[in-house]
Structures are given as structure tokens and as C-alpha cells.
Q: 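This is the structure I have questions about; it appears just below.
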Amino acid sequence: MAKEIETLDAVARTGTGKGAARKARREGFVPGIVYGDGSDPVAINLDYNKLLTRLRRGRFMSTLFNLKMEGQDDVRVICRGVQKDVVKDLPTHIDFMRTHRNSRISLFVHVEFINHEKSPGLKRGGTLVAVRPEVELNVLAGDIPDQIVVDLEGTEIGDTIHISNVTLPKGAKPTIDRDFVIANVAQPKGFGGGSTDDEAEGEGDEAEATEE
């Protein structure tokens, strides 16, 4: 059964530039733009309070939306950027890209860890170190996964979990072409006076991911 596509309501914005955007904000809207798919960009306004509520629910950047505008055909979009006020951390502008259910897109997907209580290493005081709390995947726009699930059952202190150890959603593939580290089970602090080789690998992978 296909996942229901969430709807966003928008209205066309007359005029472009900073003046039109400021006017939209004064009237309780967040200005935005819809682009891509070989069509001209369209300036839009979204209700500020409704957008803020949806942003606070999370995973906005990895959700496929059905954008509805009066007098125009509905269009599938995915958010490609949210500009925010640097002081208040509130949305001031938003960018959407047109897409289709069968289009392939790259985005970051949340990693969910399960069965902590079934991990001998965590029971012995080990610490789960999430090197990548999100993983960038290439997926079908109409089949965006809510999360990647990592099962911790049976993991011991010193174990390292790579992307190859995880069952990815159907049709999804990592954008990085190597077997990178997602997490490891580290020794308790102060135990043994140092880190394991696997922990060091995870730390090195994290540094490498930052450089990418």
C-alpha cells in the first residue's frame, strides 16, 4: 500500500524580490519558490503558523509533499532549503523542487536504533556511539523511507556497525560508495585506559564524513 502523500497549501505570490518577500512576512506568510522539472519557477506564500507547526514535527526535508494552489494543478515537491532568521531561528524563506513519484532523489534519512536492551555490550555498560545519526540515500521520490532501522541485538563492546550490516528499504542505496561506519559500541569511560581499534575506526570515519 502506497504511503499517503502529505498536502501543503500555498498561494501564488505577486511580485518578486525583497520588497515582495517583506510584504508577505508582514501579512503572516513565509515566501518561497517552486522550481525544477523543466518549468518556470513560481513564487509562493505559505501560512507562517501552519508551516512552523509542520517544521517542528521534524523530517520536513525528507518528506514528499503534494503542493496545492488554487487555480493550478497539484504538484509533488520536496523541500531543498529553509532559510531562517539567524537570531530567532524562525523560517524566512523556503525552496521546493518539483518531482514525480518515479524520480530518484538524494536526501538524508534518520537512523533509528532498536533493541538496546538485547545488546550484551550495552548491558555491560558500553556506550552506543552514533557516528551517523542520518544517512544520505538515493531513493524514489514516491517511496521515501521514514527511517533506517539498526538492530542492536547481540552487539558487544567493540562492535562496529557498517552500512553493509543494515537492511536498507527497497530501492534505496547509499550515496557514498564504500562500507562506512554508522555506529559502534564503545567501552565504558575509564575502562581499559583507551579506545578499541573499532572505536578508532568509527572516529576516523566520522572525521572523514565531516570533510565530505
Side-chain angles (χ1 to χ4, degrees), residues 2-37 39-101 103-114 130-150 169 172 174-175 182 209-210 212:
K3 183 168 61 175
E4 184 178 352
I5 298 178
E6 191 174 342
T7 295
L8 279 180
D9 293 311
V11 295
R13 173 160 46 97
T14 56
T16 57
K18 293 182 178 180
R22 282 195 295 266
K23 181 175 183 294
R25 295 184 192 105
R26 287 196 301 268
E27 294 174 350
F29 293 103
V30 176
I33 195 80
V34 182
Y35 65 89
D37 198 30
S39 300
D40 292 335
V42 174
I44 62 171
N45 285 336
L46 295 98
D47 181 275
Y48 174 85
N49 290 323
K50 290 181 179 178
L51 178 62
L52 186 60
T53 298
R54 180 58 187 82
L55 285 170
R56 286 174 172 169
R57 280 171 48 197
R59 302 186 188 175
F60 191 85
M61 300 282 290
S62 59
T63 299
L64 180 69
F65 292 103
N66 181 46
L67 188 70
K68 296 180 72 71
M69 293 179 60
E70 186 176 352
Q72 298 191 28
D73 292 336
D74 293 1
V75 60
R76 302 286 194 268
V77 298
I78 190 162
C79 181
R80 279 315 199 201
V82 179
Q83 297 176 28
K84 295 184 178 182
D85 183 282
V86 293
V87 176
K88 299 178 180 179
D89 195 35
L90 296 174
T92 59
H93 192 276
I94 192 160
D95 297 339
F96 291 102
M97 183 180 73
R98 299 183 187 96
T99 186
H100 301 283
R101 292 191 66 90
S103 302
R104 295 201 69 90
I105 56 175
S106 295
L107 45 74
F108 285 90
V109 177
H110 171 72
V111 178
E112 181 73 16
F113 297 95
I114 64 171
V131 177
R132 292 178 185 264
E134 293 184 323
V135 172
E136 189 175 26
L137 298 178
N138 184 267
V139 301
L140 286 172
D143 197 21
I144 299 172
D146 291 327
Q147 59 192 18
I148 298 170
V149 177
V150 175
T175 58
I182 294 180
T210 303
E212 294 169 353

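All residue numbers refer to positions in the sequence shown, counting from 1.
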Q: Is the CG atom of Asp85 crowded by more than 12 outside heavy atoms at less than 6.0 Å?
A: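 Counting other residues, nucleotides and ligands, CG of Asp85 exceeds 12 neighbours.
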
Q: Once you round to the nearest 0.5 Å, how far does CD1 of Ile5 lie from CG of Asp74?
A: 10.0 Å

Q: Work out which heavy atom in Cys79 is nearest to a heavy atom in Met61; give both atom names and the distance.
A: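 Between these two residues, the closest heavy atoms are SG-SD, 3.4 Å.
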
Q: Distance from His100 atom NE2 to Ile105 atom CD1, nearest 0.5 Å?
A: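 The CD1 atom of Ile105 is 12.0 Å from NE2 of His100, to the nearest 0.5 Å.
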
Q: Mark yes or no for whether Arg76, through its side chain, and Leu64, through its backbone, hold a donor-acceptor pair below 3.5 Å.
A: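 Checking the backbone N and O of Leu64 against the side chain of Arg76, no donor-acceptor pair under 3.5 Å is found.
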
Q: Go through the structure and list residues passing ring pair (Phe, Tyr, Trp, His ring centres under 6.0 Å) with Phe65, not counting sequence neighbours.
A: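 Counting only residues at least two positions away or on another chain, Phe65 forms a ring pair (Phe, Tyr, Trp, His ring centres under 6.0 Å) with Phe60.
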
Q: I'd like to check the side-chain hydrogen bond (donor to acceptor under 3.5 Å, both in side chains) partners of Lys84; sequence neighbours left out, ordered by chain and number.
A: none

Q: Can you list every salt bridge (Lys or Arg N to Asp or Glu O under 4.0 Å) pair that touches residues 48-61, not counting sequence neighbours?
A: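 Only Glu6-Arg54, Glu6-Arg57 qualify under salt bridge (Lys or Arg N to Asp or Glu O under 4.0 Å).
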
Q: Testing Leu8, Ile78, Ile33 for side-chain contact (heavy atoms from CB on, under 4.5 Å) with Phe96, which one passes?
A: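 By the side-chain contact (heavy atoms from CB on, under 4.5 Å) criterion, Phe96 pairs with just one of Leu8, Ile78, Ile33: Leu8.
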
Q: Heavy atoms only: give me the nearest Val42-Arg98 pair and the separation to one decimal.
A: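 Of all heavy-atom pairs spanning Val42 and Arg98, the closest is CG2-NH2, 3.4 Å.
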
Q: Could you tell me whether a side-chain N or O of Arg13 sits under 3.5 Å from a main-chain N or O of Gly32, the two making a donor and an acceptor?
A: yes

Q: Could I get the full list of salt bridge (charged side-chain N to carboxylate O under 4.0 Å, His left out) partners for Glu27, not counting sequence neighbours?
A: Lys23

Q: How close do Glu136 and Ser106 get, counting heavy atoms only, and between which atoms?
A: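 Where Glu136 meets Ser106 most closely, the heavy atoms are OE2-CB, 4.0 Å.
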
Q: List the steps, then state whether side chain to side chain contact (heavy atoms under 4.5 Å, CB included) holds for Val109 with Val135.
A: CA-CA 5 Å; Val109 177; Val135 172; 5.7 Å; no

Q: State, to 0.1 Å, how close Thr14 and Ala20 come at their nearest heavy-atom pair, and which atoms those are.
A: O-CB, 3.9 Å

Q: Using 0.5 Å steps for rounding, measure from the OG1 atom of Thr63 to the CG atom of Asp146.
A: 7.5 Å

Q: Provide the closest heavy-atom pair for Pro91 versus Val30 in the form atom of the first, atom of the second, distance.
A: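 Heavy-atom minimum between the residues: O-CG2, 4.1 Å.
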
Q: CG of Leu137 to CZ of Phe108: how many Å apart, nearest 0.5 Å?
A: 9.5 Å

Q: Within the 4.5 Å heavy-atom criterion, are Asn66 and Thr7 side-chain neighbours or not?
A: yes

Q: Given 3.5 Å as the limit, does a donor-acceptor pair link the side chain of Thr92 with the main chain of Gln83, or not?
A: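 Present.
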
Q: Name all residues meeting the side-chain hydrogen bond (donor to acceptor under 3.5 Å, both in side chains) criterion together with Ser62; count only those two or more places apart in sequence or in a different chain, and write none if there are none.
A: none

Q: Would you compute the distance between atom NE2 of His93 and atom NZ of Lys18 and round it to the nearest 0.5 angstrom?
A: 12.0 Å

Q: Do Val75 and Asp37 touch side chain to side chain, with heavy atoms closer than 4.5 Å?
A: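 A side-chain contact under 4.5 Å is absent here.
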
Q: In this structure, which one of Val11, Leu46, Ile44 forms a side-chain contact (heavy atoms from CB on, under 4.5 Å) with Phe29?
A: Val11

Q: Any side-chain heavy atom of Val111 sitting closer than 4.5 Å to one from Pro133?
A: no

Q: Are the side chains of Met69 and Asn45 in contact, using a 4.5 Å heavy-atom criterion?
A: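 Asn45 vs Met69: side chains apart.
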
Q: Where do Lys68 and Asp9 land on the salt bridge (Lys or Arg N to Asp or Glu O under 4.0 Å) test, with the steps shown first?
A: CA-CA 5 Å; Lys68 296 180 72 71; Asp9 293 311; over 6 Å; no

Q: Please identify each residue that fulfils salt bridge (charged side-chain N to carboxylate O under 4.0 Å, His left out) with Asp47, with sequence neighbours left out.
A: none

